[in-house]
Protein chains: 4
Amino acid sequence: MAEEPKTNNVTSGRGVPSHAVSDERIRARNVLKILTAAVEVFSRKGLDGARIVEIAKASGLPKGNVYYYFSSKEEIYNATIDRLIHSWDEAFRHISADREPAEAIEAYVRAKLEHARGNAAETRLFANEILQGAEHLSLEAREHMRRVTAEKAGVLDGWAEARKIVRVDARHLFILLWSATQFYVEFEALACDALDVRQLRTADYDLAAKTITNTVLNGLLVRPE
Amino acid sequence: MAEEPKTNNVTSGRGVPSHAVSDERIRARNVLKILTAAVEVFSRKGLDGARIVEIAKASGLPKGNVYYYFSSKEEIYNATIDRLIHSWDEAFRHISADREPAEAIEAYVRAKLEHARGNAAETRLFANEILQGAEHLSLEAREHMRRVTAEKAGVLDGWAEARKIVRVDARHLFILLWSATQFYVEFEALACDALDVRQLRTADYDLAAKTITNTVLNGLLVRPE
Amino acid sequence: MAEEPKTNNVTSGRGVPSHAVSDERIRARNVLKILTAAVEVFSRKGLDGARIVEIAKASGLPKGNVYYYFSSKEEIYNATIDRLIHSWDEAFRHISADREPAEAIEAYVRAKLEHARGNAAETRLFANEILQGAEHLSLEAREHMRRVTAEKAGVLDGWAEARKIVRVDARHLFILLWSATQFYVEFEALACDALDVRQLRTADYDLAAKTITNTVLNGLLVRPE
Amino acid sequence: MAEEPKTNNVTSGRGVPSHAVSDERIRARNVLKILTAAVEVFSRKGLDGARIVEIAKASGLPKGNVYYYFSSKEEIYNATIDRLIHSWDEAFRHISADREPAEAIEAYVRAKLEHARGNAAETRLFANEILQGAEHLSLEAREHMRRVTAEKAGVLDGWAEARKIVRVDARHLFILLWSATQFYVEFEALACDALDVRQLRTADYDLAAKTITNTVLNGLLVRPE
DNA sequence: CATGAATGAGCGTTCATTCAT
DNA sequence: TATGAATGAACGCTCATTCAT
């Protein structure tokens, strides 16, 4: 989260001055510029590889100005990480007790793929953070993720109870779905090699969605009639 | 790959000295020490975050010595990455045309999980490299991966032809299996949160293997008889 | 010395506005706040170590405001140094031709000690400035000090002429008195160690005054009767 | 004190290599160069004002090399301060129970003046350190100073017991002597003004010694016969 | 050969100062 | 007028790399 600029408010208390709103806006805008640039740079270079000048340049602000809003590189990094959590469980809303499993899971897979593809930098940054040990992920964020996962696992258990799906460890199943959907963005280079294409296109994502969904829902084995 | 030490005896005209063999051995041993240490350090810190002194310390060699065998940090990094390829497709041997799909895939999943778990540092380092864009992965390595994937996709296509499994895009299926199996090591922190445990244990890996295998082979949906 | 604020109403042609007096007062008050805070900060940190924000905070004014009254850190420093001169020779008034030497010198020593103790920050700041080479001390200030010293040396010479005291180099004697009296404040840490106390108290200052006075007036040696 | 260069000795244990002695010498020489330069720079600019580049330049070594021997500016500063202690009490050896007070004190005053004059940079640096609160002076150093002062105070008490000098608080007397003798170096600018000279010369130091000694030993007052 | 010593390019960060309102 | 916002020059320090023996 962005620091308060280090100025002191000693003389305040005379009410909000007339330009406060615009000041607030300016700050918010600049913080956003910095964070947006930072996500891009961090996702490509990581925390250590990222250069503060590069973030500054990408944000269109002078280097010193970055330090007016943030007090260290790590703080910027933490701020970018924290923002990721807000979108992490977005696709999860499709896993809802009142929907049919087949339709819900398909929607989830598609939403997850789309989200990853549409937020590639954030997705890679998050992956990188977890890969390095998740040391900059706040406890609140992790707790939130734990809670949401448990809740959605409950939905799957409900479906199994209603004999709509087979008994399965819901948490491992979610891991299966996460990993498969995020892979195309996180490990795009590998996916391209595996699919023998130069770049992933919409058709590739569609086929990915179809393959994941079909496989997970129906399995691979041919059944005797 | 290690550089040739910068001085050699070619111009001395005395041919190979009598201690050449032991010299060779010493060099090989030291290079191995360095690379082993490097994998560990790179996997935890990444290319930029890794410090050459740390690699030296972990290898038990003086810092200057490291530069005797390698001429830059990037060269060490490249050498570690290249070595990973050799073990990348090991588990793939289970995907063999003469085996039954169910048994082969289960064996593959188990082997992949075991390999990732037993080579955590390498696995994370490889993931990190791909995540950052695979810019240090040699073309030969990528070509090798492409070829092996294509070959194994052929095996699946054969199974489908023989109506042992349903028609499926084999490459996307492999991505599904890779991602799911590697996830537990690469994103261990996230897996722990999802499973609500402090640390992954053998039981967790077993259940992971079972869930992946069952789901992929049989699907989730309950079938009408 | 404080700059004139950079904008003024001279060109407005409306003469002195009705609130000029209060404006003057506000400025004087703010300048004083700044200088008081500056003495404190400079005395503890020195010119280079002092931070303008710290002075601003200590003065209760916003940082930008400090630059409204002064145009640089050095200017603030110079202003604080110049103010010290006004109190430098205060105790000297006791060295007066119409007093008895013993009583005058005792009064001087006590006044000097008290002044140093009561103006510790200023005393240390002045010492620091001299120690660093007195490069920020104005020529007028140094000239003033020179003149006053010469004048008071004349008083001592008069006493010697009148055979009230022995012949002595008055200027070196003053140095002896200055240094001894200021030491307790400037080098308090050392004085504490020497006296084996944690903090100097009134009793310590009293004994200092007595020791200095007695020694200087009567000497150490036991005389044959 | 200088750090061990940060190299690791992992492979040592094969005995001291033949160039170890010269290496030791090189290190000692460079450390000395740095410390000598540092005393000069710190004494003129203080800890905060001193620039590491300036110390490097003054020592004739490249900037990076300074950090090969010391790990921070503060460490260099501490090392310079620590060295001062060794010479701090040198002149004190004249205060010896078996000497006559008059002669001993005169010798002490002269030695102290000479030492300060001959080690001007160190003297000012030490003064500056105490003035700023002695926060970088080690406890051992302060303890040493305390002990030596107490011991020498004992000598004066002995003289008083033997009725060779009058009863006096020895510690305050030492403060009187320290402050007076060091003043000429620490506050040279002020001394020059007081004495109305451009620069202090030997004659000035001689007169200082005479004035201090005579005054302290015999006092100022003319005695009735 | 092997390795401790040396170095300089470059980074994160600070902070006096200026700007804009 | 007064002040929060902005900035860039410079500093301490790190570390990959080279040197010298």
Visitor: Rounding to a whole Å, what distance do you find between N65(C):CG and dT3(F):P?
Guide: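 Distance, rounded to whole Å: 4 Å.
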
Visitor: Nearest whole Å is fine: how far is dA16(E) P from E54(C) CD?
Guide: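 My rounded result for the distance is 10 Å.
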
Visitor: Please confirm whether any donor atom in the side chain of K73(B) sits under 3.5 Å from an acceptor in the base of dT17(F), or the reverse.
Guide: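 Per atom types, no contact qualifies.
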
Visitor: Within the structure provided, determine whether F42(A) and N128(A) are in side-chain contact (heavy-atom separation under 4.5 Å).
Guide: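 Result no, sub-4.5 Å side-chain heavy-atom pair not found.
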
Visitor: When we call it a touch if two heavy atoms are under 4.0 Å apart, what does I52(D) touch: a base, just sugar-phosphate, or nothing?
Guide: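 Sugar-phosphate, no base atom in range.
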
Visitor: At what distance, to the nearest 0.5 angstrom, does CG of L35(A) lie from CD1 of I81(A)?
Guide: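 The CG atom of L35(A) sits 11.5 Å away from the CD1 atom of I81(A).
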
Visitor: Going by the salt bridge (Lys or Arg N to Asp or Glu O under 4.0 Å) test, name the single residue among K73(A), K45(A), K63(A) that passes it with E54(A).
Guide: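 Single salt bridge (Lys or Arg N to Asp or Glu O under 4.0 Å) partner of E54(A) among K73(A), K45(A), K63(A): K45(A).
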
Visitor: On DNA chain E, nearest-nucleotide positions of A50(C) versus A50(A): which is more 5'?
Guide: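 Nearer the 5' end of the strand: A50(A).
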
Visitor: Please give, in whole Å, the distance from dG10(E) P to R51(A) CZ?
Guide: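 After rounding, the gap between these two atoms is 11 Å.
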
Visitor: Pick the closest DNA chain F nucleotide for G64(B) and for P62(A) by heavy atoms, then say which residue is nearer the 5' end.
Guide: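 Nearest nucleotide further toward 5': that of P62(A).
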
Visitor: Could you tell me how far apart D48(A) (CG) and dA16(F) (P) are, to the nearest whole angstrom?
Guide: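 Going from D48(A) (CG) to dA16(F) (P), I get 11 Å.
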
Visitor: Would the distance check show the side chain of E75(A) and the main-chain N or O of S71(A) forming a donor-acceptor pair, the cut-off being under 3.5 Å?
Guide: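 Confirmed, E75(A) side chain pairs with S71(A) backbone.
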
Visitor: How many whole angstroms separate atom NZ of K45(B) from atom P of dA16(F)?
Guide: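 Spelled out: NZ on K45(B) to P on dA16(F) is 11 Å.
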
Visitor: Please report, rounded to the nearest Å, how far the C1' atom of dA2(F) is from the CG atom of N30(C).
Guide: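 Taking CG of N30(C) and C1' of dA2(F), I get 10 Å after rounding.
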
Visitor: Is there a donor and acceptor pair closer than 3.5 Å between the side chain of K63(B) and the base of dT17(F)?
Guide: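 When only heavy-atom distances are counted, K63(B) does reach the base of dT17(F) through a donor-acceptor pair under 3.5 Å.
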
Visitor: I want to verify a distance call: between dA6(E), dT14(F), dA5(F), whose nearest atom is closest to the Y67(D) side chain?
Guide: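 Closest of the options to the side chain of Y67(D): dT14(F).
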
Visitor: Shortest non-hydrogen contact from I34(B) to V66(B)?
Guide: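 Nearest pair, atom of I34(B) first, then V66(B): CD1-CA, 4.0 Å.
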
Visitor: For dC11(E), give the paired nucleotide (Watson-Crick: N1-N3 plus N6-O4 or O6-N4; G-U: N1-O2 and O6-N3; both under 3.5 Å), or none.
Guide: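 In the structure as shown, dC11(E) has dG12(F) as its Watson-Crick or wobble partner.
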
Visitor: Atom CZ of R25(A) and atom P of dA5(F): how far apart are they, to the nearest Å?
Guide: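 Whole-Å distance recorded here is 15 Å.
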
Visitor: From CZ of F70(D) over to P of dA6(E), roughly how many Å is that when rounded to an integer?
Guide: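 In whole Å, dA6(E) P and F70(D) CZ are 13 Å from each other.
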
Visitor: If you look at every strand shown and take non-hydrogen atoms under 4.0 Å, does A56(A) touch a base, only sugar-phosphate, or nothing?
Guide: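 Nothing: the residue A56(A), judged by heavy atoms under 4.0 Å, touches no strand.
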
Visitor: Does any nucleotide pair with dA20(E) by Watson-Crick or G-U wobble geometry, both distances under 3.5 Å, and what is it?
Guide: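 In the structure as shown, dA20(E) has dT3(F) as its Watson-Crick or wobble partner.
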
Visitor: Mapping L47(D) and L61(A) to their closest nucleotides on DNA chain F, which lands nearer the 5' end?
Guide: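 The residue whose closest nucleotide sits nearer the 5' end is L61(A).
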
Visitor: Toward the 5' end of DNA chain E, which comes first, V66(B) or E74(C), by nearest nucleotide?
Guide: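 The 5'-side residue here is V66(B).
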
